[in-house]
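All remarks here apply to the structure that follows.
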Amino acid sequence: MPAPQVSLTARELRAILDDCFRPSSRGRVGIEAEWFVVARDDPRRAVAMERVVEICAEAVTRIDSRLTFEPGGQVELSSPPGEGIDAAARILADDAAVLRDAFACEGLAMVALGLDPQRPRCRVLDTARYRAMAAYFDNEWPSGAAMMCATASVQVNLDIGAAADVEARWDVAHALGPTLAAAFANSPLEDGRPSGWRSTRLAVWLALDPTRTTPVASSLAPARAWEQYVLDARVMLVRHSHDDFEPALRPLTFRSWMDGDPEWGYPTLDDLRYHLTTLFPPVRPRGWLELRMFDALPDPWWKVAAAVTTALLDDAEARERAGFAVQRARDMWREAARHAVQHPILARAARDCFAAALDALVRLGVDPATVDLVAEYRDRYVARGRCPADDRLAEWTRDGSQWPAPSDRARERA
């Protein structure tokens with residue numbers, strides 16, 4: 001909550017942001033995955049949130065991942081950090097199976113797409129934070145409703161790295177972003193028809209407040225780049241109490257707020273911490289690296305996204321190869337959203353990155369089944385200039401399908 005006089009000093013702010021880059025190199029991996037909940041007999045029908053919460057309340061006692069809900073009713077599982085990709089993926093796969101079975105017993109299914117292809121953008125969680133967030137976006141960025149209520153993603157969380165590797169990992173993570181987004185694009189439909197984008201989810205994000213969604217500049221040292229980003233980002237909302245959030249409908253950067261605001265005074269340390277939770281760059285430092293550029297992916301392909309990302313950042317040789325492979329693609333976010341790996345530069349970068357990742361996974365001692373799964377994805381998609389979005393478009397062209405059919409076989413393979 002704001003203070004009437006200076007409360008947060010520049011030194012305190014810098015200490016908090018420096019802590020986001022505290023070296024860590026234990027090889028930990030965390031995976032977060034989101035799904036839409038749909039009725040098996042008619043995916044177009046809205047599913048009551050009360051029913052979703054009731055089903056999850058029983059299932060949550062049998063899982064190890066953290067279960068949360070997004071504003072549009074999407075369910076999200078966040079695995080605890082595991083030692084390596086196999087441990088994290090095993091936990092998430094087991095927990096997703098528990099949740100999926102619970103929904104199936106009630107005639108519901110969990111579907112992984114980057115964007116809900118046809119249902120109305122309705123906010124079903126009426127919390128004070130989400131009301132304020134919706135008001136903030138509605139004021140200038142109409143696509144905010146789609147982002148909050150109709151998008152779903154996979155997120156891969158990795159260690160910051162050893163002190164000597166922090167800067168290289170930070171830089172390569174950013175450089176990889178468009179190539180990874182393209183290789184795993186999975187949201188080509190909107191309002192019941194092709195949107196013209198392979199990743200419409202990414203296109204939605206590109207249309208939002210750029211002060212909080214664009215990549216962090218990589219020309220500065222990581223902590224200084226993050227400091228600049230945080231200070232120059234607009235304030236989204238101000239908390240007056242635990243259940244009283246006011247949207248910042250007039251432009252106010254956090255830097256300006258620290259100099260004092262006639263209405264809101266000065267930010268506190270808690271205000272800074274909360275401000276950080278409202279920033280959504282594709283690579284976000286939180287004491288670990290969050291890579292947030294992936295569309296939601298069906299079983300078992302989310303595991304491939306996590307494995308490839310882990311290999312390219314955790315293995316020094318693969319990191320160097322990937323950095324070279326994506327030099328021309330590092331800023332191609334819009335091209336990644338529009339064309340995915342049908343763009344020749346992104347296609348070449350993806351092929352080279354998968355080659356580097358497959359070699360690295362063997363060096364890292366990853367389960368051979370995981371290596372085989374990555375190779376299968378490469379052969380099915382990357383080597384052919386395709387991504388899961390192309391499957392969705394083919395199904396829509398064939399019979400007008402908006403939603404992929406839930407696959408029990410895919411679940412077993414995960």
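The first residue in the sequence is number 1, and the count goes up from there. Since the model is a prediction, treat every value here as computed from it, not as a measurement.
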Which heavy atom of Val283 sits nearest a heavy atom of Ala173, and at what distance? CG2-O, 3.8 Å

Kindly say whether Ala306 contributes a backbone atom to a donor-acceptor pair with the side chain of Thr310 at under 3.5 angstrom? yes

Partners of Ser25 by side chain to side chain contact (heavy atoms under 4.5 Å, CB included), sequence neighbours excluded? Ala162

State which residues pass side chain to side chain donor-acceptor pair (under 3.5 Å) with Arg319; sequence neighbours excluded, sorted by chain then number. none

Please answer whether the main-chain N or O of Arg380 pairs with a side-chain N or O of Arg384 as donor and acceptor at a distance below 3.5 Å. yes

Who passes side chain to side chain contact (heavy atoms under 4.5 Å, CB included) against Ala383, sequence neighbours left out? none

Which pair of non-hydrogen atoms, one from Trp141 and one from Leu208, has the smallest distance, and what is that distance? CD1-C, 3.7 Å

Tell me whether Glu12 at atom CD has more than 12 heavy atoms from other residues, nucleotides or ligands lying less than 6.0 Å away. yes

Is Glu140 atom CD crowded by more than 12 heavy atoms from other residues, nucleotides or ligands, each under 6.0 Å away? yes

Going by the rule side chain to side chain contact (heavy atoms under 4.5 Å, CB included), which residues pair with Asp399 if we only count those two or more places apart in sequence or in a different chain? Ser401

side-chain contact (heavy atoms from CB on, under 4.5 Å) with Val47: of Val52, Val124, Ile55, only one passes, and it is Val52

Mind checking side chain to side chain donor-acceptor pair (under 3.5 Å) for Thr268 and listing every partner two or more places apart, or none if nothing turns up? Asp271

Does atom CZ (Arg22) have a neighbourhood of more than 12 heavy atoms from anything else shown, all under 6.0 Å? no

Hey, is the main chain of Met148 close enough, under 3.5 Å, to the side chain of Arg121 for a donor-acceptor pair? no

Determine the interplanar angle of the Phe354 and Tyr377 rings, folded into 0 to 90°, and report it as parallel if under 30°, tilted if 30 to 60°, perpendicular if over 60°. parallel

Pairs meeting criterion salt bridge (charged side-chain N to carboxylate O under 4.0 Å, His left out) with involvement of residues 192-215, two or more places apart: Arg198-Asp390, Arg201-Asp295, Asp209-Arg212

Above 12 or not: heavy atoms from other molecules or residues under 6.0 Å from CZ of Arg328? no

Can you run down the salt bridge (charged side-chain N to carboxylate O under 4.0 Å, His left out) pairs that involve residues 64-85, sequence neighbours left out, and say none if there aren't any? Arg26-Glu83

For Arg255, which residues count as a salt bridge (charged side-chain N to carboxylate O under 4.0 Å, His left out) partner, sequence neighbours excluded? Asp232

With a 3.5 Å distance limit and no angle check, can you tell me whether Arg169 reaches the backbone of Leu313 through a side-chain donor-acceptor pair? yes

Stepwise salt bridge (charged side-chain N to carboxylate O under 4.0 Å, His left out) test for Arg250 and Asp261: CA-CA 12 Å; Arg250 54 185 172 83; Asp261 179 78; 2.7 Å; yes

How far apart are the closest heavy atoms of Ala296 and Leu113, and which atoms are they? CB-O, 3.3 Å

Between the side chain of Asp159 and the main-chain N/O of Gly161, is any donor-acceptor distance below 3.5 Å? no

Between Arg348 and Asp352, does any side-chain N to carboxylate O distance fall below 4.0 Å? yes

Which label fits His343 and His339: parallel for a plane angle under 30°, tilted from 30 to 60°, or perpendicular past 60°? tilted

Please confirm whether the backbone N or O of Trp288 pairs with a side-chain atom of Asn157, one donor and one acceptor, at under 3.5 Å? no

If the condition is side chain to side chain contact (heavy atoms under 4.5 Å, CB included), which residues does Arg363 pass it with, not counting sequence neighbours? Asp315, Glu317, Ala318, Asp359, Ala360

Can you run down the salt bridge (charged side-chain N to carboxylate O under 4.0 Å, His left out) pairs that involve residues 330-347, sequence neighbours left out, and say none if there aren't any? Asp171-Arg330

What are the two closest heavy atoms between Ala163 and Pro23, and how far apart are they? N-CB, 3.7 Å

Between Glu54 and Arg51, is a salt bridge (charged side-chain N to carboxylate O under 4.0 Å, His left out) present by the stated rule, with each step listed? CA-CA 5 Å; Glu54 182 180 353; Arg51 190 180 181 195; over 6 Å; no

For Ala109 versus Arg40, what's the shortest heavy-atom pair and its separation? CB-CG, 3.9 Å

In chain order, what residues pass the ring-ring contact (aromatic ring centres under 6.0 Å, His included) check against Phe280, with sequence neighbours excluded? Trp205

Salt bridge (charged side-chain N to carboxylate O under 4.0 Å, His left out) with Asp41: which residues, sequence neighbours excluded? Arg45

From the list Asp18, Leu220, Leu279, side-chain contact (heavy atoms from CB on, under 4.5 Å) with Trp226 holds only for Leu279

For Thr213 and Tyr229 the tightest heavy-atom approach is N-OH, 3.2 Å

